[in-house]
Trainee: 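Questions regarding the structure given below will be posed in turn.
Since the structure is predicted, the reported quantities are computational estimates derived from the model, not experimental observations. Every heavy atom of this structure was used, including side-chain atoms; hydrogens, water molecules and symmetry mates were not.
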Amino acid sequence: MGSRELAKPLSPGETTQTGARPADRHGLLKHSREFLDFFWDIAKPEQETRLAATEKLLEYLRGRPKGSEMKYALKRLITGLGVSRETARPCYSLALAQLLQSFEDLPLCSILQQIQEKYDLHQVKKTMLRPALFANLFGVLALFQSGRLVKDQEALMKSVKLLQALAQYQNHLQEQPQKALVDILSEVSVATLQEILPEVLKADLNTILSSPEQLELFLLAQQKVPSKLKKLVGSVNLFSDENVPRLVNVLKMAASFVKKDRKLPAMALDLLRLALKEDKFPRFWKEVVEQGLLKMQFWPASYLCFRLLGAALPLLTKEQLQLVLRGDVIRHYGEHVCTAKLPKQFKFAPEMEDYVGTFLEGCQDDPERQLAVLVAFSSVTNQGLPVTPTFWRVVRFLSPPALQGYVAWLRDMFLQPDLDSLVDFSTNNQKKAQDASLHVPERAVFRLRKWIIFRLVSIVDSLHLEMEEALTAQVARFCLFHAFFVTKKPTSQIPETKQLFSFPLESQAREAASSAFFSLLQTLSMQLKQATDQTRGGQPWTYHLVQFADLLLNHSHNVTPVTPFSAQQRQAWDRMLQTLKELEAHSSEARAAAFRHLLLLVGIHLLKSPAESCDLLGDIQTCIRKSLGEKPRRSRTKAIDPQEPPWVEVLVEILLALLAQPSHLMRQVARSVFGHICSQLTPRALQLIVDVLNPETSEDEDHVVVMDDSDDRRLKGAEDKSEDGEENRSSESEEESEGEESEEEERDGDVDQGFREQLMTVLQAGKALGGEDSEDEEELGDEAMMALDQSLASLFAEQKLRVQARRDEKNKLQKEKALRRDFQIRVLDLVEVLVTKQPENALVLELLEPLLSIIRRSLRSSSSKQEQDLLHKTARIFTHHLCRARRYCHDLGERAEALHAQVERLVQQAGRQPDSATALYHFNASLYLLRVLKGSTAEGCVRETQEKQKASTDPSPVPTGPQAASCLDLNLVTQVYSSALSSFLTKRNSPLTVPMFLSLFSRHPVLCKSLLPILVQHVTGPVRPRHQACLLLQKTLSMREVRSCFEDPEWKQLMGQVLAKVTENLRVLGEAQTKAEHQQALSSLELLNALFRTCKQEKLTLDLTALLGVLQGQQQSLQQGPHSTGSSRLHDLYWQAMKTLGVQRPKLEKKGAKEVPSATQSPISKKRKKKGFLPETKKRKKRKSEDGMLAEDGTPAATGGSQPPSMGRKRRNRTKAKVPAQANGTPATKSPAPGTPTLSPSTPAKSPELQRKSQKPSQVNGAPRSPVEPAGQKQHQKALPKKGVLGKSPLSAPARRKARLSLVIRSPSLLQSGAKKKKAQLRKAGKP
């Protein structure tokens, strides 16, 4: 498969004649795998993969244009045209087209012949007819897409004949062959079309008007070769009275064909162009489109009419546009927009928006046509309400003259609505409605005016950066004037007073204008720091609007406010203007700009609600004067008048009152102003904010929630929407029935016990219920029954009123709760500004517990979306802006003791939470306070801490260095977290988690040093504390921050203590019966391996003899114990530890292999069983693996110091000192050289540094040693007892020495092999 040798495939003719499939299969194997993979990738559904594979195939074939790969590629692509997977056929067709385009020497006729021979329609089986048809069709399309078919006359004629033959199979191919034929003929030259036309187009007009493809072919010939067509067919008038019905039928067929594609048939657009060319467009539009297609009540035909309307816009003149845009088609389009409201219904409005946008973008130099189209679409109304949305993106394509004309038309229609110029309609349900108030002109005028005012605002919102300043000013002045003022007498100084109304402007329209004006104000004043919201004079838009309002107020003879000002309110307005002039002197200050914006905004609100804004405006002016006039170094907590609150507190109350209003602009302004005054914040001012956020106090505070007229407007808007959506009532009948059933269930649930008792009383009084002792069976009379019915009716009426009252009360409470949550979300903006701009302010610390209370409450009841939003925003502020802030308070003053108590309280609260998510926030808050205490350097708290340490009898050392200069009381904090750690280790369902303490240890390693003894103590405790302690220790010992807090002797002592505890745990390894005990064993082994890694990195030397003995003693019980789930993980950890100690894991034997003789039996006494034949490679691997166990002559290698070394080994094997393989888990040993001593198990191993300092160089990993050795060491070595490992083989002294020095030997500096290790040891030993 990987060979690059190429096989020469047979030609197609030879293949069919001789049937050489086996030869092709063998030739296929000689192609490269890369070449064959191209064809698999070509058929994949991903477009990028297909294109990349096609490009790679072409590049591959360009290097071998004459090789067999080209023939194979053509054959493979032709085969792919008829595969059963329908999605793969176009992929192979496209690849074949690109191949033919790249290699123009390939004859198209030969390719077409191969396709026809491969998929012969006369010889193919019936089951394979459909793939063969598509193969021929895609083959012709591949020839056409290559771009060479129109140049090859012979191939073109053959392709046309093949397509004509394929057109007979409409059941499979439908109209695809005829479409392909039209596409091909549209690309050929005029001469070629004249030659081919008689063969493809019949001279019968009935045939031409029988199908969309024949008509499209006729229209193509009419465009390119009209003279030849006239000779062939004669003079034809398609728009005659006789042909119009047939045209309508053909267009209906075309609409059905493109129903799924949702596009305009090319034939319909060509027919439209022909009508324009022959000057018969009015007849075509009236008779064919409006009276033909549109009257069919067939939605695909209606969509075809809509697409014709959109596509015809760039082709029509202004007069023709008036004909089209005021006819039945655009009225029917408006009905579709109003009725297509359900989610699953097809909506044509986005497609029409694309058509209009394309038209407006293409005729920028013709503003009259632009204005005509936009006005026409704005005039399509449903009982006065235009169907186009108020925010329509197509206005961005308007030229400046067209935009000015459109704004002027909107203003004129607002002032003097011309209902006769509108294309108005009513839906079927609206026509059936009996309410006469729905059809009065006043209602239509109100709906039109409301839409117009919001349309003006949306234009400024989307184009305020591109619009001219004068046009923006006209819109803003227009909205302001008609929202708050009434004309008494026109004057030339105020152009707005000359605007007269044909219909009086009702109060509802003024409210809509007021709402639209503040939306416009938000658009113009959103970004204070950018220059785009300012006029050329450098003043913001709000300032100019206030000046315009002042001009109107001064012309009291000509203009009067809708709500007249009192004398006090007029004085407040004048004082506001005076304050604005005073603020100009401080224009360089950012605070003055924010105050100015606030003053302007509240001043404009004085026009809307004078009574509410008057007092607010006076308080703001007083605060601004005090803020700009006070000395900056004066104490924040001292006021001039002890009974007068500071200006900051008053301003905070004002901002809270503004936030209670449902205005996004107010929210932005309040946020901006608070950002400038938060540096002057007092504890009382902060408490005002906290009282709103605190659930305990804010539940009863109803004054912070402001209800304004926007609710009524929402209700009225809902009524309008319900009127607009009357077409959907029929589809909602089932939902209403389901709602009635749910109401019945809810009504049954509202029945209380008192009502049941009253019902029983009434029934018993009317003798409708007989007791158990009653024997009379007389029926009630008519009067008694009537009285009983009346009593029951009154009782159920009262119950119904009570149930409705309870529901209303419940809805009211839910609405108030929603308003309160929304208000809290907005107040959190002030908190976010404070913690972002003033993180070093000590008042930030007062926000911890209020934010935690919100998080606790929201986590308990976070069902609604508002609760979720409140929780997410609070958690984001708390986590990202507060706890993770880089800057924090460094000047605590006298708060240190209170913060210590708060730390203790937070840690205790974290341990009492019901879940870990809530506990995490409390624990992080305590860590934040620890950082604040540690980073603060207040002299008072340091002095207090030192006095406490002198007075106390605690012998704990006094912290020195940076810790001594901080406010952190280490002893107190250690007690707090030690109790939390003990609770975490002992409590079964503790909300505290391991990551919490890991975060504590990494941020404050000094505390970790004090808490580690608790962890070490619980390593050998009960099952659960042991697991948690091992897991914590495993993560903690690898932290660099923790290691830096220990001296080397302390660290070594800690490692020894942990090792001793783990060794004690491992004595019961393999005896686990429960899942908890098994998890305990896993955690102990993981801790042991982590301990080994730490010692290896630190190059520590520990006595591992006892540990090795314990692990080897538990090997048999571990292997013979029950194998539960996860036991493989336990074995892996065990042998990982044993590998570190120098013991290799035994190889598992196959199930069919016989047992290996035990170690007690002599291997020499039993002959090795002869094995079967193996390849040479296997024999070499086997001999290499057995080299440690058997010598070349079959004698076993030495396994201990008592056995003499084998004399049959070669000298090179002795110098390498290989480690024998571990057959049964016994540690490998070396045969000690003469005069080489071994260490005692009781003698601690020495590190390489200590060995280099000794008088005589030691032998570590083959390092040279002095030949002179004391005799005592040899005698001591001989006197050592032989310890058996699992009763199989004794453990030699070199093995013990290796186990004790394994951590030193495996250090990173010695991880080398062969001679490199020896050279490194020689260099180290040679250094002084």
Side-chain angles (χ1 to χ4, degrees), residues 1016 1019-1020 1026-1027 1029-1038 1052 1054-1072 1077-1121 1123-1124 1126-1148 1219 1221-1229 1241 1244-1245 1283 1285-1286 1288 1291 1294-1308 1310-1311:
V1016 176
V1019 168
T1020 56
R1026 183 185 306 183
H1027 171 63
C1030 290
L1031 187 59
L1032 257 176
L1033 274 175
Q1034 177 187 349
K1035 302 292 184 181
T1036 305
L1037 294 179
S1038 61
K1052 184 174 181 179
L1054 177 64
M1055 294 294 104
Q1057 293 175 359
V1058 177
L1059 183 63
K1061 296 288 186 180
V1062 175
T1063 304
E1064 184 178 351
N1065 284 347
L1066 295 177
R1067 294 186 185 276
V1068 293
L1069 188 64
E1071 301 176 4
E1077 293 176 353
H1078 182 72
Q1079 188 68 31
Q1080 163 198 336
L1082 282 175
S1083 59
S1084 298
L1085 285 174
E1086 288 175 351
L1087 177 59
L1088 178 62
N1089 289 314
L1091 193 66
F1092 284 164
R1093 289 192 296 269
T1094 304
C1095 293
K1096 179 180 178 180
Q1097 293 175 0
E1098 298 289 337
K1099 299 182 181 180
L1100 296 178
T1101 304
L1102 298 175
D1103 188 3
L1104 307 178
T1105 307
L1107 176 63
L1108 180 60
V1110 169
L1111 291 177
Q1112 289 178 339
Q1114 301 299 327
Q1115 179 182 355
Q1116 187 173 5
S1117 61
L1118 186 65
Q1119 293 179 349
Q1120 297 178 357
H1123 296 277
S1124 60
S1127 60
S1128 59
R1129 172 66 177 163
L1130 183 66
H1131 289 186
D1132 292 342
L1133 291 173
Y1134 171 79
W1135 285 111
Q1136 183 180 351
M1138 294 294 286
K1139 183 179 179 181
T1140 306
L1141 296 174
V1143 181
Q1144 298 294 329
R1145 187 171 187 171
K1147 294 184 179 179
L1148 298 177
V1219 180
Q1222 310 297 316
N1224 55 357
T1226 310
T1229 59
K1283 296 183 179 180
V1285 180
L1286 299 179
K1288 292 184 179 181
L1291 180 63
R1296 297 191 190 98
R1297 179 173 179 269
K1298 180 177 181 180
R1300 297 172 63 187
L1301 292 177
S1302 59
L1303 296 180
V1304 179
I1305 293 172
R1306 292 175 179 269
S1307 60
L1310 301 177
L1311 289 177

Trainee: Side chains of Lys1052 and Leu1102, heavy atoms from C-beta outward: is any pair under 4.5 Å?
Mentor: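 Lys1052 vs Leu1102: side chains touch.
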
Trainee: Could you give the distance from NE2 (His1131) to CG (Leu1085), rounded to the nearest 0.5 Å?
Mentor: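 Going from NE2 on His1131 over to CG on Leu1085, the span is 10.0 Å.
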
Trainee: Between Arg1145 and Trp1135, what is the shortest heavy-atom contact and its length?
Mentor: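 For Arg1145 and Trp1135, the tightest heavy-atom pair comes out as NE-CD1, 3.2 Å.
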
Trainee: Which residue pairs satisfy the salt bridge (charged side-chain N to carboxylate O under 4.0 Å, His left out) criterion with at least one member in residues 1078-1090, sequence neighbours excluded?
Mentor: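 Non-adjacent pairs meeting salt bridge (charged side-chain N to carboxylate O under 4.0 Å, His left out): Glu1086-Arg1129.
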
Trainee: Within the 4.5 Å heavy-atom criterion, are Met1055 and Leu1037 side-chain neighbours or not?
Mentor: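 Met1055 reaches Leu1037 side chain to side chain.
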
Trainee: Of the non-hydrogen atoms in Ala1137 and Phe1092, which two are nearest, and what is the gap between them?
Mentor: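 Closest heavy-atom pair between Ala1137 and Phe1092: O-CE1, 3.8 Å.
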
Trainee: How long is the straight-line distance from CG of Leu1108 back to OG1 of Thr1140, given to the nearest 0.5 Å?
Mentor: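 Between Thr1140 OG1 and Leu1108 CG, I get 11.5 Å after rounding to 0.5 Å.
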
Trainee: Enumerate donor-acceptor pairs with a distance under 3.5 Å from any side-chain N or O in residues 1060-1067 to protein atoms, sequence neighbours excluded.
Mentor:
from, atom 1, to, atom 2, distance (Å)
Thr1063, OG1, Leu1059, O, 2.6
Asn1065, ND2, Val1019, O, 2.9

Trainee: Between Leu1091 and Leu1033, is any pair of side-chain heavy atoms under 4.5 Å apart?
Mentor: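 In short, these two side chains do not touch, never coming nearer than 4.5 Å.
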
Trainee: First locate atom CG of Leu1111, then atom OH of Tyr1134, and finally report the distance between them rounded to the nearest 0.5 Å.
Mentor: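 Rounded to the nearest 0.5 Å, the CG-OH separation comes to 5.5 Å.
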
Trainee: Could you tell me the separation between the CG atom of Leu1087 and the CG atom of Leu1082, rounded to the nearest 0.5 Å?
Mentor: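 Between Leu1087 CG and Leu1082 CG, I get 12.5 Å after rounding to 0.5 Å.
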
Trainee: Got a sec, which residues hit side-chain hydrogen bond (donor to acceptor under 3.5 Å, both in side chains) with Gln1034, two or more places apart in sequence or on another chain?
Mentor: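 Result, side-chain hydrogen bond (donor to acceptor under 3.5 Å, both in side chains) vs Gln1034: none returned.
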
Trainee: Side chains of Gln1112 and Val1143, heavy atoms from C-beta outward: is any pair under 4.5 Å?
Mentor: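 Yes, side chains in contact.
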
Trainee: Any heavy-atom pair between the side chains of Leu1133 and Leu1088 that's under 4.5 Å?
Mentor: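 No; the side chains remain at least 4.5 Å from each other.
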
